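What follows is a single structure, written as structure tokens, with notes after it.
Every chain is numbered from 1 and lettered A, B, ... according to where its sequence line falls, protein lines coming before strand lines. Just the heavy atoms: all of them, side chains too, but no hydrogens, waters or symmetry mates, feed the values below. These numbers were taken from a predicted model, which means no experiment stands behind them.
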Amino acid sequence: MDIGSISTKGVVLDETNHVLADHYLLTQGDPIGATRRLLRELQAQLPAHTHIHAIGTTGSARRLVGAMLGATAIKNEITAHAVGTLSRHPDVRTILEIGGQDSKIILIRGGIVADYAMNTLCAAGTGAFLSAQAGRLGLTVEEMGPVALTSTTPARIAARCTVFAESDLIHKAQGGHRLEDLVAGLVSAVAENYLANVGKGKAITPPIVFQGGVSRNQGVVAAFEHELGCEILTDPAGHLMGAIGAAHLATDSGRLDTPFQFDLAEDAYQTHTNPCTLCPNHCEIVYFYRENICLDHWGNRCNRGGAEGRN
Amino acid sequence: MTTIGIPRALGYHRYGTLWETFFDELDIPFLVSPETNQAIQSQGVRHTVDESCLPLKLYMGHAAHLLDKCDALFVPRLERLGPRDEFCVRFWGLPDTVSATFQKAQLLTYELNSGLPGTHERAFLKLGRTLGKHPITTARAYARAQARQREVDFHRFSYARAELQATAPRILLAANPYITYDPYLGGTVARLIAHLGGVPIFTDAWNRTQCRAQAREISTDLYWTLNREMMGAVHQARSQVDGILLLTAFPCGSDCLANELILRRVNDVPVIQILLDEHQSHEGLTTRIESFMDMLEGRRRIG
């Protein structure tokens, strides 16, 4: 499972690492609900009596969903994406990844992560930025790619900062630039911004695989090919790489004691936030319950305060 | 008897022992603000303009915390150690910033500004005079305070030497001391590294004079003392650690320049830069540190 800020992805792999089932849906700010909907979909795709022996989670809600499903591996996105991509493109040297709120570059040498960079904590130039601008132009995110490809004279737009880009975009729109030129300007700004920030100083050598939600935007793919002057591979399963990587990591980390039951997701899950009062930090400790039993808690800066207010 | 309040921020993380011992030796009661916490940060954010850097915001939070608990705030003006050795302008203007922010606050200060040898001692003799102490008493107190600070520094240096022998991944946490030793900033990162099985080693644990000289190996032009010391430590440690984590607080002008130089010129060891701000969630931080450690582990496996 790859539970990202914007979308939630899941795959089921068999012993030979073939994808038996996969699904993609929007998280909509509810990772638990998204996981539940996703598991229903995966179960429907699988033959009856399929045994799930290990579960891996990645993405920004990896800990929450990891606790929910009793995952055997809970890993960060860099590692999961590298492992997932290597399983399908063993010769890859550069992975470009732009997701909902993160963007990263991973350099692979000799089958391992040799170097990587990630955006700072600011989400400029990521999927969240594109979907906000799509909304402003009255388009859906999916429509942006095809529209961008029709432009011959892209507008120049600065994507360094969402706020600056928005004012640039408004000024250009009010100045009479055509819709396709604005969209093409936006997508090439995303690519340029990525290469100037995340990709700065990195040796970007082919084969290059571009993935993450934004890789489904053909406009951004074309902008990268233009900037880098070489072919950019996009995998039809590019959006699933994190999930595939998590599955591989789960396989390596051992088996669940008892096979996973899909209806586990149908239980009542609740989170409860309790500001700790033991010191002036007032850490917001999140307690996570299944059927009123606390599975896990997090958010505390120290070890004190964790057990308080559990049940 | 008046009590002096010492904010546990900025210069304290470099000269704390010196200051505390000095006041102790002169029998002057003092109070150091507690370690940074959420309440102090919120107070600091309230008392500073938006564009201030996070460490200055925290300083104001510490000052605000001390206001009604002491008679005077101890706010030194640290300008320069040598002709080409300057502190950042936040340190230069600190007494002014504090008195403009808290207009009723009584300030006790000393100035480190000539850049000539013996400046520090002369500044403290003057401080002693302000406090109504005899110059000989003050000179003795300063000598003891300085010796104690040296001892503490030396202890930190030898501790770091021992940590360099560790077999677990050794991460050089490269940052200004007021970030490194603030449990709310560097402390959070160091704890995460240790929690993930790594050994955090601080750049503030190398001989400072040597560091300032060694910084030339990376940049000959930089003149900010703290950044030069950090850079010199990076140069001396680069062959002895598995990875370097550049930690900076938003928005820091001198770090921006110094870290960029390190990122461009230190290519023999993996370097990651992490930017801290008023964020309350640790998820982004955890992801970045965990993936960095995973990469180092992968590189070690391959050899």
Honestly, the part of B:Ser42 sitting under 4.5 Å from a heavy atom of chain A is neither

If one checks every heavy atom of B:Thr188 against chain A at 4.5 Å, the contacting part turns out to be side chain

For the pair B:Glu260 and A:Lys200, find out whether any cationic side-chain nitrogen is under 4.0 Å from an anionic carboxylate oxygen. yes

* Asked: Is any side-chain heavy atom of A:Glu77 less than 4.5 Å from a side-chain heavy atom of B:Thr287?
  -> yes

message: Counting neighbours of CZ on A:Arg109 that are heavy atoms of other residues, nucleotides or ligands and sit closer than 6.0 Å, is the number greater than 12?
response: yes

The residue among A:Asn76, A:Ile78, A:Ile74 that forms side-chain contact (heavy atoms from CB on, under 4.5 Å) with B:Glu290 is A:Asn76

Sidechain N-carboxylate O distance under 4.0 Å for A:Asp102, B:Arg288
yes

In this structure, CE of B:Met295 is separated from CG of A:Leu107 (nearest 0.5 Å) by 9.5 Å

Exercise. Is there a donor-acceptor contact under 3.5 Å from the side chain of A:Tyr116 to the main chain of B:Phe292?
Worked result: yes

If we ignore hydrogens and angles and just use 3.5 Å, is the side chain of B:Gln38 paired with the main-chain N or O of A:His282 as donor and acceptor? no

Residue set satisfying side chain to side chain contact (heavy atoms under 4.5 Å, CB included) with B:Arg90, at least two apart, ordered chain then number -> B:Cys53, B:Leu56, B:Cys88

Is there a side-chain contact between A:Val113 and B:Asp294 in this structure, where contact means two heavy atoms from C-beta onward sitting under 4.5 Å apart?
no

Under 4.5 Å to a heavy atom of chain A? For B:Arg264 that would be neither

Distance col, row A:Ile112:CD1 vs B:Arg299:CZ, nearest 0.5 angstrom, shows 6.5 Å

When the 4.5 angstrom heavy-atom criterion is applied to B:Phe250 and chain A, the contacting part is neither

Rounding to 0.5 Å, atoms NZ (A:Lys75) and OG (B:Ser291) come to a distance of 9.0 Å

Worksheet item: Is it true that the side chains of A:Arg63 and B:Thr286 contain a donor and an acceptor less than 3.5 Å apart?
Response: no

